[in-house]
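Start at 1 and go down the list; that is how both ligands and their atoms are numbered.
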Amino acid sequence: MEISEPEVIRDKSLMRSWSRSRRSNGQTLALVPTMGFLHEGHLSLIRTAKSLADLTVVSIYINPGQFAPSEDLSTYPSDLAGDLRKLSDAGVSAVFCPSELYISAPGNDFGGHLGAVNGERVGASCLEDGGSGHETWITVERLEKGMCGTSRPVFFRGVATVVAKLFNIVEPDVAVFGKKDYQQWQIICRMVRDLDFAIKVIGSDIVREADGLAMSSRNVHLSPEQREKALSISRSLSKAKLAAEKGLKNCQHLKDLVRQTISEADGKIDYVEIVEQQGLKPVEEISCPVVLCVAAWFGNVRLIDNLEID
Ligand code: AMP
């Protein structure tokens, strides 16, 4: 079978006209938003997308709007040539890789970061240039608080905003997100519902390395020793799930189990939470489907992972 190369589109208006012409022919579109440096986790999302629509578009864009100045925007890994090879093999129809998605005021490149949160400056503020740069943000009020939202206060408004922009540019019928970023997936579902996007959002299962480590573009920054120690995350989640299935329903005890396992491997815990799968409310006793969520640092690398307990 002949494999045709995906179209590589860098311009917003070209992306929109590409999508509109396909949709006017009656073809359905699926979108898989990514920040690139693709791995098998991304490719599994693409396989899901391809099963749900006639054409699949993958976006590659490292979104400055979701990184605080102290975070790893400048060292986030990228390999566009390698990504394009993988996407060609994966048989996607188009790759949207804009160099910039936000409007900056003349002479202001944001210093790589955008905006202010709760009146506090978190980066080169778009408002300092007289207000002619980007200043519109989507906040999903409750869901973005807690867990990753606590230690990364600008993260989810940046994610929700860039995903809304991608939805408006690509106009897909379906969008696929990984449950690896569970809170993010739930926030996008809520945004789509609340703002009436005509897009079906699908959550796709976490893909792990053979030894259990959840795949992540950031894993490349782990030293071999840190990578070995980082296995304590998935190990701790499995241990806690097993304990819950054997009857331990007290969440404090289950979270302690996770904390202890990761700390023993020199991981620095950011958070351990047990929340309802629907709505992400913290629970004290397991009596409904929950998800056990963890973020921990190994050296300078912050990793997240989770496990559903049904
Ligand atoms: P990223 O490029 O890290 O922003 O991720 C793009 C999409 O891929 C998001 O929807 C992630 O949740 C998803 N993703 C990343 N890693 C995995 C994984 N190991 N398994 C499943 N989905 C993933």
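Residue contacts with ligand 1, taken as heavy atom pairs separated by less than 4.0 Å, do not involve Ser216 at all. Heavy atoms of Tyr76 found under 4.0 angstrom from ligand 1 belong exclusively to the side chain. Of all the heavy atoms of His42, the ones lying under 4.0 Å from any atom of ligand 1 belong exclusively to the side chain. At a 4.0 Å heavy-atom cut-off, ligand 1 touches His39 through the side chain alone.
Nearest heavy-atom pair across Ser234 and Arg208 is CB-NH1, 3.7 Å.
With hydrogens and angles left out, the side-chain atoms of Ser88 and Glu5 include a donor and acceptor closer than 3.5 Å. In this structure, a donor-acceptor pair under 3.5 Å is absent between the side chains of Asp256 and Gln260. Asn219 and Glu209 form no side-chain donor-acceptor contact under 3.5 Å, judged by distance and modelled atom types alone. Under 3.5 Å, the side chains of Tyr76 and Glu71 contain no donor-acceptor pair of N or O atoms.
Evaluated by nearest non-hydrogen atom to atom 10 (O) of ligand 1, the leading choice among Gly178, Ala175, Ser217, Gly203 is Gly178.
Both Phe197 and Phe96 are members of a single hydrophobic cluster when ILVMFWY side chains are connected at heavy-atom separations under 4.5 Å.
Looking at Ile206 next to ligand 1, no N or O pair under 3.5 Å apart turns up. Here's the thing with Asp181: one of its N/O atoms is less than 3.5 angstrom from an N/O atom of ligand 1. Residue Pro33 places no N or O, backbone or side chain, under 3.5 Å from any N or O of ligand 1. On a distance-only criterion, Leu45 and ligand 1 share no N/O pair closer than 3.5 Å.
Interface atoms of ligand 1 facing Phe177, defined by a heavy-atom separation under 4.0 Å, are 10 (O). Interface of Met215 with ligand 1, defined as ligand atoms under 4.0 Å from a residue heavy atom, comprises 16 (N), 17 (C), 18 (C), 19 (N). Residue Lys180 has at least one heavy-atom neighbour below 4.0 Å for each of these atoms of ligand 1: 16 (N), 17 (C), 18 (C), 23 (C). Near Asp205, meaning under 4.0 Å from any of its heavy atoms, are these atoms of ligand 1: 20 (N), 21 (C).
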| task | Run the numbers on Arg22 and Glu7 for salt bridge (charged side-chain N to carboxylate O under 4.0 Å, His left out), then give the verdict. | result | CA-CA 13 Å; Arg22 268 67 187 176; Glu7 280 195 51; 3.4 Å; yes
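Val207 N, 2.9 Å is the protein heavy atom nearest to atom 20 (N) of ligand 1. In terms of protein heavy-atom proximity, atom 4 (O) of ligand 1 is nearest to Met35 CG, 3.6 Å.
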